[in-house]
Amino acid sequence: MNRIAPELISELKVKKEPDKGLPELDINGKLVMRFAPNPNGPATLGSSRGMVVNSEYTKKYNGKFIIRFDDTDPVTKRPMLEAYDWYIEDCEWLGAKPDEVVIASDRMEKYYEIARELIEKHAAYVCFCTQGAFKELKDAKKACPHREQGAAKNLMFWDKMLAGDFNEQEAVLRIKTDIAHKDPAIRDWGAFRIIKTPHPRKEVGDKYCVWPLLDFEGAVEDHLLGVTHIIRGKDLMDSESRQKYIYNYLGWTYPKTLHWGRVKLDAGLLDDNDEKENFKVIDGLKYGVPKLYVRPDKETLSTYEKEGRGYPVAVGYTKKGNIRFKKASQEYPMEELDSKNGYIMVSKKLIENIGKFSTSGLKKAIADGTYSGWDDPCVPTLRALKRRGILPEALRKFMIDLGLSETDISLSLDTLYAENRKIIDPIANRYFFVWEPVVMTIEGKENAVARAPVHPMRGGVREIPVGNTVLVCRNDADKLSTGDKLRLKDLYNIEITGTSPLTAKFIGTGMELVKKEKARIIHWAPPDGVKVRVLSPDGEYEGVGEHGILGEQGKVVQFERFGFVRIDSVGEDGIVAYFTHK
RNA sequence: GCUCCGAUAGUGUAGCAGGCCAAUCAUUCUGGCCUUUCAAGCCAGUGACCCGGGUUCAAAUCCCGGUCGGAGCACCA
């Protein structure tokens with residue numbers, strides 16, 4: 001083959017080459033894309049997909065990336081003033097700095113102009129039907145009495161609307177489509193409605209009482225901004241059909257569209273080391289981070305205990321309604337777990353609510369104190385992820401790898417964490433942090449100085465002076481019994497001489513104990529260390545860490561045998577760290 | 001009720017102008033090596049084309065029917 005047709009071989013190789021990254025775009029001229037959030041709250045994990053993918057494309061094709069605030073609803077999705085800047089900050093943080101920033105509420109006059117033009121072209125009319133009445137007509141494919149009232153009349157009504165002569169709910173401007181369209185979603189949709197609540201932005205305030213709906217505002221803006229490609233959620237699929245009516249009336253060219261499916265959070269922002277006495281369902285359901293603790297049957301439990309593995313933790317459910325466990329590579333149907341294995345399950349309804357979190361839901365939970373704010377470690381906002389030490393590069397890669405499929409997906413944050421860990425692990429300094437500390441008194445060695453590596457690969461030494469007591473984790477202490485020999489990491493070997501109180505004696509410094517006798521190694525902290533609080537999605541850990549942590553403010557470090565954390569603040573009463581991931 | 005989308009391992013993806021596919025990559029999980037962290041690294045392993053028909057020499061890829069999942073039919077975005 002090589003001899004007869006070498007060109008065929010190279011052809012084969014080309015075809016086998018897998019597509020890396022995002023699919024190619026069909027481009028004609030300069031690429032212009034936009035990310036169009038409603039600033040009614042800060043950017044979330046979901047928003048980052050739009051930021052990253054749109055900006056990635058415009059970078060790749062040397063195009064233009066626009067952020068546009070679709071803030072034309074002063075009531076139901078009332079914009080939050082701080083969020084405008086937050087969005088832009090988050091974009092920059094993510095390496096998605098916009099080339100242009102557009103605020104819809106600044107551009108109302110343009111929308112009015114176009115509306116007028118459409119009315120003149122008999123393409124829009126002022127409708128006075130109540131919502132219910134119109135729906136009935138629409139469902140029956142029947143035109144409402146206002147549909148053919150004539151351009152002159154419509155123009156007059158429109159001016160009265162703008163002048164504030166009508167009350168809310170009294171009139172609405174509709175785009176004429178096809179009242180008998182087979183898809184009811186397309187029939188004569190609303191373009192403007194009356195809202196007399198002032199807009200929160202003071203530049204706008206009570207200047208307008210007629211506000212465009214999304215399909216109108218978006219349609220006009222995409223044209224005005226010269227957007228060539230739109231990526232939007234599948235929930236907005238009908239928008240294209242609706243908006244095309246405007247484009248046709250006005251002779252505009254509709255951008256190319258791509259859609260992606262719904263995203264929900266699947267994996268746990270939680271730790272499986274927890275020792276929950278009993279099965280419990282604790283909070284987290286209402287904001288989309290599943291936290292289900294299940295108690296295994298006796299047999300499984302003893303196996304797990306023997307292996308020192310801790311409890312299996314249910315971290316989510318799948319499309320099929322099955323339960324997925326942290327320590328498993330499979331999922332199980334609920335019924336099976338319930339009956340056969342003695343698991344106790346939560347109601348299906350509760351489970352169905354997992355993974356759906358909304359900006360308004362978060363807002364409420366923050367207001368009532370469930371979370372400390374928009375950067376609470378429990379909350380899936382970009383601000384919170386940033387504070388926890390998730391790096392933008394990791395998030396970018398994660399989002400790009402998701403691609404552009406129209407499939408609805410359940411995100412597993414494990415993948416994001418793995419991505420982040422790859423970046424962080426080589427640079428994060430290591431420290432001891434002892435949570436739920438227990439004092440251990442050691443005899444036979446008055447003073448010593450531990451020389452521990454700052455990083456296992458990079459070298460560097462941290463020195464920790466030790467007297468005759470150290471602190472160890474309750475978790476480790478509970479597993480010790482008199483006579484056990486073990487090593488305090490980077491310090492020396494000890495033998496337990498009593499468990500309450502915990503006492504030990506010095507038995508040497510050599511590594512033979514570990515190498516030959518396979519003794520366990522545990523970490524520890526000096527009793528006069530610094531107080532450390534770790535805030536994690538799974539709750540709070542309090543303990544003591546070594547002094548070196550004081551110099552790491554703002555950095556991500558690894559607490560050995562605990563996980564990565566970002567040192568958030570160093571204050572009078574100790575250190576506050578945010579949990580990144582294992 | 002009407003309309004529109006989707007379906008590849010636990011999760012996310014590649015392949016989908018039919019043969020390179022006993023199906024890619026990543027992550028998870030399991031086992032081993034290494035290691036003064038239960039981290040990282042290295043090696044190995046488990047694990048998937050929703051179902052049923054059809055077209056074809058040949059189907060994950062095309063067609064039809066079903067099932068399941070999601071969405072829209074707002075004076076929300």
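Hydrogens, waters and symmetry mates play no part in the numbers below; they use all other heavy atoms, side chains included.
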Worksheet item: Any side-chain N or O of Gln169(A) under 4.0 Å from OP1/OP2 of C75(B)?
Response: no

Item to complete: Would you mind classifying the nucleic acid contact of Pro37(A) as base, sugar-phosphate or nothing, using non-hydrogen atoms under 4.0 angstrom?
Response: nothing

Worksheet item: Dot-bracket for RNA chain B, 5' to 3', counting Watson-Crick or G-U wobble pairs under 3.5 Å, with [ ] for crossing pairs and | for inter-strand pairs?
Response: (((((((..(((......[.....))).(((((.......)))))....(((((..]....))))))))))))....

Worksheet item: Is any side-chain heavy atom of Arg107(A) less than 4.5 Å from a side-chain heavy atom of Val102(A)?
Response: yes

Discussion item. I need the single residue from Trp435(A), Phe433(A), Tyr417(A), Phe562(A) that forms a ring-ring contact (aromatic ring centres under 6.0 Å, His included) with Phe579(A). Which is it?
Written reply: Phe562(A)

Worksheet item: When all nucleic acid strands are considered with a 4.0 Å heavy-atom cut-off, which category describes Asn38(A): base, sugar-phosphate, or nothing?
Response: sugar-phosphate

Fill in: Sugar-phosphate, base or nothing in reach of Cys129(A), heavy atoms under 4.0 Å
base

Worksheet item: Are His455(A) and Arg430(A) linked by a side-chain donor-acceptor pair shorter than 3.5 Å?
Response: yes

Discussion item. Could you check, using the six-membered ring where one of them is a Trp, whether Phe216(A) and Phe192(A) have ring centers closer than 6.0 angstrom?
Written reply: yes

Fill in: Ionic contact status for Arg451(A) with Asp490(A), cut-off 4.0 Å
no

Discussion item. Any side-chain N or O of Lys182(A) below 4.0 angstrom from OP1/OP2 of C4(B)?
Written reply: yes

Worksheet item: What does Arg262(A) touch in the nucleic acid at a heavy-atom separation under 4.0 angstrom: a base, only the sugar-phosphate, or nothing?
Response: sugar-phosphate

Discussion item. Closest-nucleotide mapping onto RNA chain B: is Arg520(A) or Asp70(A) further toward the 5' terminus? I mean the 5' end.
Written reply: Arg520(A)

Practice prompt. Just call it for Leu402(A): base, sugar-phosphate, or nothing, with non-hydrogen atoms closer than 4.0 Å on any strand.
Written response: sugar-phosphate

Worksheet entry | Contact under 4.0 Å: Arg242(A) side-chain N or O vs G72(B) OP1/OP2 | no

Discussion item. Counting the atoms with a prime plus P, OP1 and OP2 as sugar-phosphate, which does Met237(A) contact under 4.0 Å by heavy atoms, base, sugar-phosphate, or nothing?
Written reply: sugar-phosphate

Worksheet item: When we call it a touch if two heavy atoms are under 4.0 Å apart, what does Phe564(A) touch: a base, just sugar-phosphate, or nothing?
Response: sugar-phosphate

Worksheet item: Does one side chain, of Tyr125(A) or Asp188(A), offer a donor that lies under 3.5 Å from an acceptor on the other?
Response: yes

Worksheet item: Taking the same atom, P, in C68(B) and in A22(B), what whole-Å distance lies between them?
Response: 32 Å

Worksheet item: For C76(B), does either OP1 or OP2 sit under 4.0 Å from a side-chain N or O belonging to Arg193(A)?
Response: yes

Discussion item. Categorize Asp490(A) for me: base, sugar-phosphate, or nothing, with a 4.0 angstrom heavy-atom threshold over every strand shown.
Written reply: base

Discussion item. Taking the P atom in each of C20(B) and A26(B), what is the distance between them to the nearest angstrom?
Written reply: 22 Å

Discussion item. Just N and O in the side chain of Lys234(A): are any of them under 4.0 Å from OP1 or OP2 of G6(B)?
Written reply: no

Discussion item. For a quick check of understanding: with a heavy-atom distance under 4.0 Å over all strands, which category does Arg430(A) fall into, base, sugar-phosphate or nothing?
Written reply: base

Worksheet item: Side-chain donor or acceptor of Gln558(A) under 3.5 Å from a matching atom on the base of U37(B)?
Response: yes

Item to complete: Using only side-chain N and O atoms of Arg421(A), determine if any of them is under 4.0 Å from OP1 or OP2 of A39(B).
Response: no

Discussion item. Out of the candidates Glu552(A), His523(A), Glu560(A), only one should pair with Tyr431(A) under the side-chain hydrogen bond (donor to acceptor under 3.5 Å, both in side chains) rule; please name it.
Written reply: Glu552(A)

Practice prompt. Using the P atom as the reference point in each nucleotide, state the distance between C42(B) and G66(B) in Å, no decimals.
Written response: 49 Å

Worksheet item: Within less than 4.0 Å of OP1 or OP2 of A39(B), is there a side-chain N or O belonging to Lys422(A)?
Response: no

Worksheet entry | A74(B) phosphate, OP1 or OP2, under 4.0 Å from Arg187(A) side-chain N/O | no

Fill in: Separation of C73(B) P from Asp178(A) CG (nearest whole Å)
18 Å

Worksheet entry | Distance below 4.0 Å between Thr72(A) side-chain N/O and A77(B) OP1 or OP2 | yes

Worksheet item: Taking the six-membered ring of Phe432(A) as reference, does the NZ or CZ atom of Arg462(A) fall below 6.0 Å from its centre and within a 45° cone about the axis?
Response: yes

Item to complete: May I ask you to say what Ser405(A) touches in the nucleic acid, namely base, sugar-phosphate or nothing, with a heavy-atom cut-off under 4.0 Å?
Response: sugar-phosphate

Discussion item. Regarding Arg174(A), tell me which of base, sugar-phosphate or nothing describes its non-hydrogen contacts under 4.0 Å with the strands shown.
Written reply: sugar-phosphate

Item to complete: Under 4.0 Å between any heavy atoms, over every strand shown, what does Asp476(A) touch: base, sugar-phosphate, or nothing? Just pick one.
Response: base

Worksheet item: Closest to the Asp235(A) side chain: G12(B), A39(B), G72(B)?
Response: G72(B)

Worksheet item: Relative to the 5' end of RNA chain B, which residue comes earlier, Thr415(A) or Met457(A), by the nucleotide with the nearest heavy atom?
Response: Thr415(A)

Discussion item. Exactly one of Thr72(A), Asp70(A), Asp71(A) should register a side-chain hydrogen bond (donor to acceptor under 3.5 Å, both in side chains) with Ser105(A). Which one does?
Written reply: Asp71(A)

Discussion item. Phe157(A) vs Phe128(A), test: ring-ring contact (aromatic ring centres under 6.0 Å, His included). Steps then yes/no.
Written reply: CA-CA 10 Å; Phe157(A) 288 141; Phe128(A) 295 94; 4.8 Å; yes

Item to complete: Report yes if a side-chain nitrogen or oxygen of Thr407(A) is closer than 4.0 Å to either non-bridging phosphate oxygen (OP1 or OP2) of G69(B); otherwise report no.
Response: no

Worksheet item: Counting any heavy atom closer than 4.0 Å, what does Leu236(A) reach on the DNA or RNA strands: base, sugar-phosphate only, or nothing?
Response: base

